[in-house]
Amino acid sequence: MSKGNSTKLTDELYAYVLDHNPPVDAVQRKLIATTWDRFPDAAGMQSAEEQGPLLAFLVRLTGARHVVEVGTFTGFSALSMAQALPEGGRLIACDVSEEWTAYGREAWAEAGVADRIELRIAPALETLRAMPAEEHIDLAYLDADKGNYIAYWEELVPRMRRGGVIVTDNVLFHGEVVDPGATGSAAAIKEFNVHVAGDGRMESVMLAISDGITLSRKR
């Protein structure tokens, strides 16, 4: 077996990666800092800084006009994707917290993309099930409660257009997915990863980016 993890991501190397990626802008930087300041115990739920440019890149790469985000938190990832949308593009952001997403609303307005984002405060399964059943979603970002990942997936996949992409975050779950005795969210992610790998409707690749990202393309 080829071993590809010989490059360890030190703090210095991580800073190098950020320095050679598209930089986050002033509004994004402010939102990242505000999230850590206001919600220090929950800020780990915020998508990593390098994921913002990646999500924006994927929006442009796929030519996405209809994006769905499951799990918005304080809005950094939604902001990154909305900024990359073409004219007329729309993003539906699903979350259950008015408190967290209020900071996102403020940042979206400051960045001039509030009109591209429709925030739906409700359980995400309800929001997804209320969407048209036909294939119409270009890009989806899944980053919400891990116990419902498979349920979210099963609502998203039939609604993805052919060639559409689902980006799933936290698929390594802090490394706990290799624990045979994993419980709770880690066990749910392990089950999800098996489910995705066996889903013939999609072609998927898992990447060791941040806490693990899986990119899945509708066949």
Side-chain angles (χ1 to χ4, degrees), residues 8-15 17-18 21 23-56 68-83 91-111 114 117 119-127 140-152 167-179 181-193 207-214:
K8 302 300 181 183
L9 192 61
T10 62
D11 289 346
E12 182 181 24
L13 193 55
Y14 180 60
V17 170
L18 295 183
N21 263 347
V24 297
D25 64 26
V27 178
Q28 292 173 318
R29 178 69 63 197
K30 177 182 174 183
L31 181 57
I32 291 169
T34 298
T35 300
W36 281 100
D37 179 59
R38 302 295 172 85
F39 306 108
D41 295 331
M45 294 194 298
Q46 183 171 241
S47 295
E49 182 175 329
E50 68 272 22
Q51 289 174 250
L54 173 61
L55 290 169
V68 174
E69 177 179 72
V70 183
T72 296
F73 190 40
T74 56
F76 170 66
S77 50
L79 172 59
S80 300
M81 291 186 285
Q83 289 175 312
L91 185 152
I92 295 176
C94 308
D95 208 281
V96 294
S97 174
E98 291 277 10
E99 180 185 12
W100 289 341
T101 56
Y103 293 92
R105 288 182 188 272
E106 184 178 327
W108 304 336
E110 186 175 352
I117 302 173
L119 177 61
R120 298 186 183 180
I121 300 294
L125 282 175
E126 293 180 10
T127 299
Y141 181 44
L142 177 52
D143 185 20
D145 54 305
K146 312 313 171 192
N148 273 319
Y149 261 30
I150 291 178
Y152 296 142
V167 184
T168 307
D169 198 16
N170 304 118
V171 296
L172 298 181
F173 204 76
H174 319 303
E176 295 178 34
V177 289
V178 296
D179 181 357
T183 59
S185 293
I189 289 293
K190 289 181 69 172
E191 184 180 0
F192 172 79
N193 290 339
L207 303 172
I209 296 172
S210 188
D211 192 31
I213 287 177
T214 292

Can you sort out the partners of Arg120 under salt bridge (Lys or Arg N to Asp or Glu O under 4.0 Å), two or more places apart, ordered by chain and number?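 For Arg120, the residues satisfying salt bridge (Lys or Arg N to Asp or Glu O under 4.0 Å) (neighbours in sequence not counted) are Glu118.
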
My understanding is that only residues two or more places apart in sequence, or in another chain, count here; which of them pass salt bridge (Lys or Arg N to Asp or Glu O under 4.0 Å) with Glu191?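 Listed in chain order: nothing, the list is empty.
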
Residues in side chain to side chain contact (heavy atoms under 4.5 Å, CB included) with [X], at least two apart?
{"X": "Thr10", "answer": "Glu12, Leu13"}
{"X": "Asn148", "answer": "Leu125, Asp145, Ala151, Tyr152"}
{"X": "Ser80", "answer": "Gln28, Phe76"}
{"X": "Ala111", "answer": "Val27, Leu79, Gln83, Val113"}

Show your reasoning for whether side chain to side chain contact (heavy atoms under 4.5 Å, CB included) applies to Phe39 and Gln46. CA-CA 10 Å; Phe39 306 108; Gln46 183 171 241; over 6 Å; no

Where is the tightest heavy-atom contact between [X] and [Y], given as atom of each residue plus distance?
{"X": "Asn193", "Y": "Val171", "result": "ND2-O, 2.9 Å"}
{"X": "Phe73", "Y": "Ala42", "result": "CZ-O, 3.4 Å"}
{"X": "Ile117", "Y": "Ala93", "result": "CG2-CB, 4.2 Å"}
{"X": "Tyr149", "Y": "Ala144", "result": "CE1-O, 3.4 Å"}

Go through the structure and list residues passing ring-ring contact (aromatic ring centres under 6.0 Å, His included) with Phe173, not counting sequence neighbours.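 Phe173 satisfies ring-ring contact (aromatic ring centres under 6.0 Å, His included) with no residue once adjacent residues are dropped.
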
So how far is it from [X] [atom1] to [Y] [atom2], rounded to the nearest 0.5 Å?
{"X": "Thr74", "Y": "Leu31", "atom1": "OG1", "atom2": "CG", "value": "4.5 Å"}
{"X": "Asp143", "Y": "Ser47", "atom1": "CG", "atom2": "OG", "value": "4.5 Å"}
{"X": "Asp211", "Y": "Asn170", "atom1": "CG", "atom2": "CG", "value": "4.5 Å"}
{"X": "Leu172", "Y": "Thr214", "atom1": "CG", "atom2": "OG1", "value": "7.5 Å"}
{"X": "Tyr14", "Y": "Ser210", "atom1": "OH", "atom2": "OG", "value": "6.5 Å"}

Could you pull out all residues at least two apart from [X] that satisfy side chain to side chain donor-acceptor pair (under 3.5 Å)?
{"X": "Thr72", "value": "Glu69"}
{"X": "Thr127", "value": "none"}
{"X": "Lys190", "value": "none"}

Sorted by first residue and then second, give each salt bridge (charged side-chain N to carboxylate O under 4.0 Å, His left out) pair with at least one member in residues 39-51; sequence neighbours left out.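 Found Arg29-Glu49.
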
Tell me which pairs pass side chain to side chain donor-acceptor pair (under 3.5 Å) where either residue lies in residues 92-103, with sequence neighbours left out.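 Listed once each, the pairs are Arg38-Tyr103.
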
Using only atom types and a distance under 3.5 Å, with no angle test, would you say the side chain of Gln51 pairs donor to acceptor with the backbone of Ala48?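 It does hold such a pair.
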
Where do Leu54 and Ile213 land on the side chain to side chain contact (heavy atoms under 4.5 Å, CB included) test, with the steps shown first? CA-CA 11 Å; Leu54 173 61; Ile213 287 177; 3.9 Å; yes

